[in-house]
Enquirer: 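One structure is given below, represented as structure tokens, and several questions about it will come after.
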Amino acid sequence: MEGRSTEAAAPTPDGASALSVVDAHHHVWDPTRHYYPWLCDEPPIPFRYGDYREIRRPYLPPDYRADAAPYLIERSVYVEAEWDPTDPIGEMRYIDDLRREHGLPTVAVAQARLDAPDAAAVLEQQAAFPFVRSVRHKPRANRSPSDGAPGGMTDARWCEGFAQLARNDLRFDLQTPWWHLAEAARLAADFPDTQIILNHAGLPADRSTEGLAGWAKAMRDLAACPNVAVKISGIGQPGQAWTVAANGAIVRTVIERFGPTRCMFASNFPVDSVCASFATIFDGFREIVHDLSAAEQRALFRDNAIRLYAME
């Protein structure tokens, strides 16, 4: 895919600090000015991390940079924050304003409901923003792997919307539980010219032996699709500290399955601030991959996100 302008992005400094990163997945928002159902409505929705009231507040680029310290955000990928679904274009207008004011985010993943009657028009409008690289629409999913009903990626109308991505030079950010990754693999095979970027390591929330085995197999099968990459993020657990002991095997399994050229580290801030500080998460990533080569580490923390989201 050819990249589009990223005029808000700063160039890479020569001899960049070891603490300089490209964050492949974060959010900013202001629920006091704009409508995000999950951040504005009462009561809060059930959430995989538990109580998230502390993040139901304005969170702007200066807050994000402050949370990231001592890490320096060289470039970043904003991901749609479930803004008012009746106005998906409004979210990107807002992000455009933030980029002009603060220089971040560098690029964005926009909202587009692929099964909506106006999907083609929305995709065309989102693609017209020079900083939009991808879209996200969480497909319908079952609550557990024991439910074998087909998920949203099998719906004909949803697939019709997905078919519009390549012609608009858009990638697709996929967030779905691991038990739907077989459907994702079929989607990737059906649309080999569309880059799919799996969010949050395939959501390995069930850390039981059986749960991890199912997740690892699903990730292995999806990794066979060359047009799929993965973000290592969003792997916290409710009520538990984010530690290398808890998450190291998850991170290394993803890298073993997909290889160091198709994985990206990301913060998922401020959502993952419910689980840990930015530094705790990124210090953990560094410790987990300390034995990889310098080039592989640079790919995971920086180069892959720049390449996959066309931030050159």
Side-chain angles (χ1 to χ4, degrees), residues 24-25 45-52 138-154 173-189 196-226 228-268 271-277 280-292 296-297 300 304:
H25 192 115
I45 64 170
F47 188 57
R48 62 192 175 95
Y49 286 161
D51 185 0
Y52 65 97
K138 299 172 185 175
R140 187 186 72 256
N142 301 328
R143 294 180 64 88
S144 76
S146 62
D147 185 344
M153 284 179 279
T154 65
D173 270 60
L174 171 64
Q175 183 165 329
T176 195
W178 59 260
W179 48 90
H180 287 289
L181 293 185
E183 295 171 10
R186 289 193 291 272
L187 190 72
I196 296 174
I197 300 170
L198 180 66
N199 291 186
H200 305 330
L203 298 173
D206 179 0
R207 300 296 177 91
S208 68
T209 300
E210 181 182 11
L212 286 176
W215 166 79
K217 181 183 183 302
M219 292 292 280
R220 182 195 68 200
D221 294 345
L222 184 62
C225 303
V228 178
V230 59
K231 298 179 192 180
I232 301 174
S233 57
I235 55 175
Q237 299 176 82
Q240 298 187 37
W242 201 112
T243 66
V244 170
N247 295 309
I250 297 289
V251 173
R252 292 306 292 246
T253 297
V254 175
I255 295 171
E256 288 164 8
R257 295 292 191 269
F258 284 82
T261 63
R262 288 196 287 157
C263 300
M264 301 168 277
F265 287 132
S267 72
N268 194 34
V271 176
D272 273 37
S273 67
V274 173
C275 302
S277 70
T280 294
I281 293 170
F282 271 77
D283 286 351
F285 289 155
R286 293 176 75 193
E287 181 177 344
I288 291 165
V289 300
H290 76 277
D291 59 322
L292 299 186
E296 289 171 331
Q297 292 186 47
L300 291 163
N304 293 343

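Everything numeric here is computed off the predicted structure, so don't read it as measured data.
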Enquirer: Looking only at heavy atoms, which two atoms of G234 and D272 are closest? And how far apart?
Expert: CA-OD2, 3.3 Å
Enquirer: Would you mind reporting whether R257 and T253 have side-chain heavy atoms less than 4.5 Å apart?
Expert: yes
Enquirer: I need the minimum non-hydrogen distance between S267 and I281, along with the two atoms involved.
Expert: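 For S267 versus I281, the nearest heavy atoms are O-CD1, 4.4 Å.
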Enquirer: Please report the interatomic distance CG(N199) to CD1(I232), rounded to the nearest 0.5 Å.
Expert: 12.5 Å
Enquirer: Would a 4.5 Å heavy-atom cut-off, applied to side chains only, mark T176 and L203 as touching?
Expert: no
Enquirer: Side chains of R207 and I250: closer than 4.5 Å at any heavy-atom pair?
Expert: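 SC-SC contact between R207 and I250 confirmed.
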Enquirer: What closest approach, in Å, do E287 and V244 show between heavy atoms, and which atom pair accounts for it?
Expert: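 Heavy atoms of E287 and V244 come nearest at OE1-CG2, 3.6 Å.
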Enquirer: Between atom CZ of F258 and atom SG of C225, what is the distance when rounded to the nearest 0.5 Å?
Expert: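 Answer rounded to 0.5 Å: 8.0 Å.
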Enquirer: Contact between H25 and H200 at the side-chain level, heavy atoms closer than 4.5 Å - yes or no?
Expert: yes
Enquirer: Dump the intermediate steps for ring-ring contact (aromatic ring centres under 6.0 Å, His included) on F285 and W242, then the final yes or no.
Expert: CA-CA 11 Å; F285 289 155; W242 201 112; 5.6 Å; yes
Enquirer: Taking side chain as C-beta onward, heavy atoms only, is R252 less than 4.5 Å from D291?
Expert: yes
Enquirer: For K231, run the side chain to side chain donor-acceptor pair (under 3.5 Å) check against N268, N304, D173 and tell me which one passes.
Expert: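 With K231 as partner, N268, N304, D173 yield a single side chain to side chain donor-acceptor pair (under 3.5 Å), made by D173.
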Enquirer: Is the shortest heavy-atom distance from the side chain of L174 to the side chain of L187 under 4.5 Å?
Expert: no
Enquirer: Work out which heavy atom in M219 is nearest to a heavy atom in G202; give both atom names and the distance.
Expert: SD-CA, 4.2 Å
Enquirer: Restricting to non-hydrogen atoms, name the atom on S144 and the atom on S146 that form the minimum distance, rounded to 0.1 Å.
Expert: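 Looks like OG-OG, 2.6 Å.
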Enquirer: Taking L292's backbone N and O only, do any of them form a donor-acceptor pair with Q297's side chain (distance below 3.5 Å, no angle check)?
Expert: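 Flag set: sc Q297 to bb L292 pair under 3.5 Å.
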Enquirer: Any donor and acceptor pair, going by atom type alone, linking the side chain of Y49 with main-chain N or O of G236 inside 3.5 Å?
Expert: yes
Enquirer: Give, for atom NZ of K217 and atom CG of L181, the distance between the pair rounded to the nearest 0.5 Å.
Expert: 10.5 Å
Enquirer: As an exercise, state the distance from CD1 of I255 to OG1 of T261, rounded to the nearest 0.5 Å.
Expert: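 Reported value, rounded in 0.5 Å steps: 11.0 Å.
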Enquirer: Quick check: do W178 and L222 have side-chain heavy atoms less than 4.5 Å from each other?
Expert: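 Answer no - side chains too far apart.
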Enquirer: Between W215 and D206 (side chain of the first, backbone of the second, donor and acceptor by atom type, cut-off under 3.5 Å), is there such a pair?
Expert: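 No; judged by distance alone, with no hydrogens or angles, the pair does not exist.
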Enquirer: Around atom NZ of K138, are there more than 12 heavy atoms of other residues, nucleotides or ligands at under 6.0 Å?
Expert: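 Above 12, so yes.
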Enquirer: Please report the closest heavy-atom contact between S233 and A266, naming both atoms and the distance.
Expert: CB-O, 3.3 Å
Enquirer: Within the distance-only criterion (no hydrogens, no angle test), does the side chain of D147 pair as donor or acceptor with the backbone N or O of N142 below 3.5 angstrom?
Expert: no
Enquirer: Determine whether a donor-acceptor pair (N or O, by modelled atom type, separation under 3.5 Å) exists between the side chain of R186 and the backbone of T154.
Expert: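 Checking the backbone N and O of T154 against the side chain of R186, no donor-acceptor pair under 3.5 Å is found.
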